[in-house]
Structure formats: structure tokens, C-alpha cells
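Position 1 is the first residue of the sequence, and the numbers go up from there. Remember, predicted model here, so these are calculated numbers, not experimental data.
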Amino acid sequence: MSKTKNYITRKGFEKLKEEARLLFHEERPKIVETVAWAASNGDRSENADYQYGKRRLREIDRRLEFLAKRMDIAEIVDPATITSSTIVFGATVSIEDEEGVQKTYQIVGEDEVDTVGNKISWKSPIAKALLGKTLDQEVLIKRPKGDHWVVITDIKYI
């Protein structure tokens, strides 16, 4: 994992904290209890509850370690406090392409990406093309299926 800052919104950071809390305080203790019960039943080599439980504990511990590292390098950005006329991290940007199709994206951290909710990583090709641009500016977005021109129709920080 890189040692660069993990830019993230306050909401995104709170989601990471909540996931870690649920894993550590709720799911992990239940699995530990199941593994202890399964171990008390004797032969562990053919005990599915024991084997599954141990595997799940390893998965939980790896995820908790990953979350701790991501939160440790987090650089929290609150979009509501930004007053910029150019597009920066946290912006909610509306664009329109040549065919008149309009889309709105929020530029967020890597841990917050939600394609259904139109939240894109600041490292994505679309975000990279939009960052630093201003209202009504034409932007070329390079995509695998070909270049795509769009116009920025709105920039908000909410």
C-alpha cells in the first residue's frame, strides 16, 4: 500500500470507522464464540464450523488491518467548507456530452467509490479530466472506447 495520503470525505471516513467497529465488536466475537464451541466438539480436521470460523476470523483480521491502515493515512476533506470556482476533491460536478446526455458525479476518495450513487474516485479517468476545470469549460475525457467531449454545467460543494 502506498504511503500517500488517503483523501476521503467525512462521510466516507465515518463509514470506514463504522465497518471496523461492526467487524471488531459484533461479527468477530460471534465467530470466536462459534470457533470455541466447534473446537470443544473434538476432531477439528472434519469440523466444518471450526474450519469455516477460523477462515472467517482470518478474513476479518485482514480487513481490520486494511481499514486501520486506510484510516491512519486518511486526509479528511469536508466538501461543504470548500469555496472554489475550480473543480477540486469533493466537488459534485454536472456535465453534458455532445448528445445532450447529462450526468452528475461527486469526486471522492478511493474507499468511497459508488458507481450506482455516481461517486467516482479522484484517481479515475473522468475525475482526472475534470479536476482543475471551471464552469462552462469543455473537457476531453479519454476512455477505452474513445475520446469523449463534455461541458461542465454545474459545480457544487455540498
Side-chain angles (χ1 to χ4, degrees), residues 1-82 84 87-95 97 101-133 139 141-148 150 155-158:
M1 184 175 312
S2 111
K3 295 195 185 238
T4 60
K5 290 287 183 186
N6 174 28
Y7 293 102
I8 191 167
T9 64
R10 169 72 52 203
K11 283 183 182 178
F13 188 78
E14 293 303 321
K15 280 186 176 182
L16 292 183
K17 277 179 37 179
E18 179 60 12
E19 181 183 356
R21 187 195 70 74
L22 286 172
L23 286 172
F24 189 77
H25 294 291
E26 293 182 24
E27 188 172 352
R28 193 173 194 289
K30 289 177 188 173
I31 300 294
V32 168
E33 186 178 316
T34 301
V35 168
W37 169 81
S40 71
N41 288 336
D43 186 9
R44 296 175 188 172
S45 66
E46 294 182 18
N47 187 327
D49 287 328
Y50 178 81
Q51 291 175 359
Y52 169 77
K54 292 296 282 187
R55 182 174 42 241
R56 183 65 187 132
L57 278 176
R58 286 190 299 273
E59 292 169 358
I60 290 170
D61 289 343
R62 276 193 304 270
R63 183 66 181 167
L64 285 169
E65 183 179 343
F66 173 80
L67 291 170
K69 286 178 182 178
R70 296 301 287 172
M71 288 187 290
D72 187 48
I73 61 171
E75 183 75 30
I76 299 171
V77 177
D78 183 1
T81 63
I82 298 172
S84 175
I87 298 171
V88 296
F89 180 90
T92 300
V93 183
S94 297
I95 58 174
D97 67 12
V101 177
Q102 297 181 350
K103 291 188 179 177
T104 301
Y105 298 104
Q106 183 181 16
I107 300 172
V108 296
E110 295 174 278
D111 299 315
E112 305 174 82
V113 172
D114 175 10
T115 54
V116 174
N118 290 329
K119 293 183 177 194
I120 59 172
S121 167
W122 65 280
K123 292 184 175 183
S124 71
I126 295 173
K128 283 182 178 181
L130 295 172
L131 288 169
K133 305 300 188 288
V139 179
I141 299 174
K142 296 199 173 279
R143 306 179 307 177
K145 62 181 181 179
D147 294 349
H148 190 69
V150 297
I155 304 170
K156 293 180 188 172
Y157 292 97
I158 49 177

Check the angle between the aromatic planes of Phe89 and Tyr7 and answer parallel, tilted or perpendicular using the 30° and 60° thresholds. tilted
Would you call Val88 and Tyr157 a side-chain contact if the rule is heavy atoms closer than 4.5 Å? yes
Please walk me through it: do Leu16 and Met71 pass side-chain contact (heavy atoms from CB on, under 4.5 Å)? CA-CA 7 Å; Leu16 292 183; Met71 288 187 290; 4.0 Å; yes
Working for side-chain contact (heavy atoms from CB on, under 4.5 Å), residues Glu27 and Lys30: CA-CA 5 Å; Glu27 188 172 352; Lys30 289 177 188 173; 5.8 Å; no
Minimum-distance pair of heavy atoms, taken over all atoms of Gly53 and Ile31: O-CG2, 3.4 Å
Using the salt bridge (Lys or Arg N to Asp or Glu O under 4.0 Å) rule, take Lys15 and Glu18 through it: C-alpha gap first, then chi angles, then the decisive distance, then the call. CA-CA 5 Å; Lys15 280 186 176 182; Glu18 179 60 12; over 6 Å; no
If I take atom OG from residue Ser124 and atom CD from residue Glu110, how far apart are they, to the nearest 0.5 angstrom? 10.0 Å
I'd like to check Asn6 versus Asp111 (side-chain heavy atoms, cut-off strictly below 4.5 Å). Are they in contact? yes
How many angstroms lie between CD1 in Ile60 and CZ in Phe24, if you round to the nearest 0.5 Å? 11.0 Å
Just wondering, do Val108 and Ile120 contact through their side chains at under 4.5 Å, heavy atoms? no
Between the side chains of Gln102 and Ser94, does any donor sit under 3.5 Å from an acceptor? no
Closest contact, heavy atoms only, Ala127 versus Ser121: CB-O, 3.1 Å
Could you check Ile141 against Asp147 for side-chain contact (heavy atoms from CB on, under 4.5 Å), going step by step and ending with a plain yes or no? CA-CA 6 Å; Ile141 299 174; Asp147 294 349; over 6 Å; no
Is there a side-chain contact between Gln106 and Pro79 in this structure, where contact means two heavy atoms from C-beta onward sitting under 4.5 Å apart? yes
Spacing of Thr81 atom OG1 and Arg10 atom CZ [to the nearest 0.5 Å]: 10.5 Å
For the residue pair Val139 and Ala129, what are the closest heavy atoms and their distance? CG1-O, 3.3 Å
Charged N to carboxylate O below 4.0 Å: is that the case for Asp97 and Lys103? no
Would you find more than 12 non-hydrogen atoms of other residues, nucleotides or ligands less than 6.0 Å from Lys133 atom NZ? yes
Of Asn118, Thr92, Ile95, which is the lone residue that meets side chain to side chain contact (heavy atoms under 4.5 Å, CB included) with Thr104? Thr92
So, for Lys142 and Pro125, which heavy atoms are closest and what is the spacing to 0.1 Å? O-CB, 3.9 Å
Are the side chains of Thr9 and Val77 in touch, meaning some heavy atoms are under 4.5 Å apart? no
Checking Glu112 side chain against Gly109 main chain: does a donor-acceptor pair fall under 3.5 Å? yes
Under the salt bridge (charged side-chain N to carboxylate O under 4.0 Å, His left out) test against Glu59, which residue among Arg62, Arg56, Arg63 passes? Arg56
What's the spacing between Lys5 NZ and Ile76 CD1 if we round to 0.5 Å? 10.5 Å
Determine whether Glu19 and Leu67 make a side-chain contact, defined as any pair of heavy atoms from C-beta on separated by less than 4.5 Å. yes
For the student: nearest non-hydrogen atoms of Ile8 and Phe13, plus distance: CD1-N, 3.4 Å
Closest non-hydrogen atom pair between Ala38 and Asp49, with its separation: CB-CB, 3.8 Å
